[in-house]
Amino acid sequence: MPVSQSELTQHFEHVLSLSKIDDTQSVAVLKSHYSNGMVVTAAMEAAQRLGAKAYIVELSSFNHRTAVGNDLTAYVGHTALTNHPAAQQALMAADLVVDTMMLLHSPEQEAILKSGTRILLAVEPPEMLARMLPTQEDKRRVEAAAKIFRGASTFSVTSKAGTNFTASLGQYPVVSEYGFADEPGRWDHWPSGFLFSWPNEGTAEGTIVVDIGDILLPFKTYVREKPITLEIREGFIHRIHGGFDAEYLREYMAHFKDPDVYAFSHIGWGLQPRAQWTALGLHDKNDAIGMDARAFEGNFLFSTGPNTEVGGPRNTPCHMDIPLRHCSVFLDGVAMVEEGKVVAPK
Ligand SMILES: O=c1ccc(O)c[nH]1
Ligand SMILES: [Fe+2]
């Protein structure tokens, strides 16, 4: 269902005011030729309506020959901002950057955040932005869960399909995503509504079964034929087996010829009630990066590859986000999610 420019601008005004934009602030809209023009216009108009000093930083696009497909999360870390100090300065000068081109998982994003500049990623289409408009209640729920997560030392996941996974926590921070960037140096993503951390190096262990109906991003496919079984030891995936989907995943990851692609990236769970597991099946592959799948309430989301987002050593470009249904997620043995239903915190 198409969203009009004026409705989208109103939504941006809501999200930028949640992000504490007012007449004391400057807003840089980062774009490239593939950015959604309606989103860029809405961000600029809304920032000015709130009295902020708004400007656009346009970068040429960046394509690496190893990248396969168009999804913005498939090949991460190296962007048009890499080795571009002048543009980075222009962005660090702003109080808030609205990123419509995807800097996520890049060292440059970390440098901009460290300067105190806030970043709000917004690359989904207008109807997804509208459907998952963030609220202060989203922030309360996600932060309440993050508080428990920050105090936990073990993360474990089980499922009837056969998942039995554990990891130690504490080496890396917990990242919450609630859809607006309201604190100095904060990165957030609209739409979102989930939280995650990274396993301590070398501690991810066990088996993960990607069952029928679970989702593979950036492929934007639902596993349909046979479950995929991942065998994990000392923080890395050592075996991927099952049917066609397993073969496809093996082939795709092998293409990068980089052992770090088998490492674990972020692990966490979804808390967005307005995100739908079904949404991905109703969009073409290039419509969106698929935030419904990452954020739907009660998912267990794990990912592979980079940990640059938290200053880790792995800058591998291959990033898989794999949200599972019907899992139970425990922190220090206390259930946060039971078979796909969020049970804590209240
Ligand atoms: O919001 C996001 C999107 C992609 C990702 O890998 C993490 N968080
Ligand atoms: Fe991810």
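Both counts, for ligands and for their atoms, begin at 1 and track the order of listing. Bear in mind the structure is a predicted one, so any value in this text is a computation, not a measurement.
Residue D321 touches ligand 1 through its side chain alone, judged by heavy-atom distances below 4.0 Å. Contact annotation: for F194 versus ligand 1, heavy atoms closer than 4.0 Å belong to the side chain alone. Contacts between I289 and ligand 1 below 4.0 angstrom, taking non-hydrogen atoms only, are absent altogether.
Cation-pi contact between R186 and Y178: present, with separation from the ring centre below 6.0 Å and deviation from the ring axis of at most 45°.
Polar contact with ligand 1: absent for R294 (N/O pair, distance under 3.5 Å).
Nearest heavy atom pair, residue L120 against residue H189, reads CD1-N, 4.1 Å.
Between F302 and the choices W269, F264, F194, the ring pair (Phe, Tyr, Trp, His ring centres under 6.0 Å) rule is met once, by F264.
Hydrophobic clustering (side-chain heavy atoms under 4.5 Å, transitive across Ile, Leu, Val, Met, Phe, Trp, Tyr) keeps W187 apart from V76.
Every heavy atom of W190 sits 4.0 Å or more from the atoms of ligand 1. Using a 4.0 Å cutoff on heavy atoms, M291 counts as a contact of ligand 1.
Of all atoms in ligand 1, listed by their number and element, those nearer than 4.0 Å to a heavy atom of W187 are 1 (O). Contact atoms of ligand 1 toward H189: 1 (O), 2 (C), 3 (C) (distance under 4.0 Å to a heavy atom of the residue).
The closest heavy-atom contact to atom 3 (C) of ligand 1, among the options L217, L104, L121, comes from L104.
Of the angles at the Fe ion (ligand 2), the one spanning NE2 of H266 and NE2 of H319 is 120° when given to 10°.
For atom 2 (C) of ligand 1, the closest non-hydrogen atom on the protein side is E177 OE2, 3.4 Å.
For F149 and F155, the distance between ring centers is under 6.0 angstrom.
Per residue D321, closest N, O or S atom to the Fe ion (ligand 2): atom name OD1.
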**Item:** Stepwise ring pair (Phe, Tyr, Trp, His ring centres under 6.0 Å) test for Y252 and F219
**Value:** CA-CA 10 Å; Y252 177 79; F219 304 159; 4.9 Å; yes
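A donor and an acceptor atom, one from each side chain of H241 and T229, are nowhere located under 3.5 Å apart. A donor and an acceptor atom, one from each side chain of T154 and D332, are located under 3.5 Å apart.
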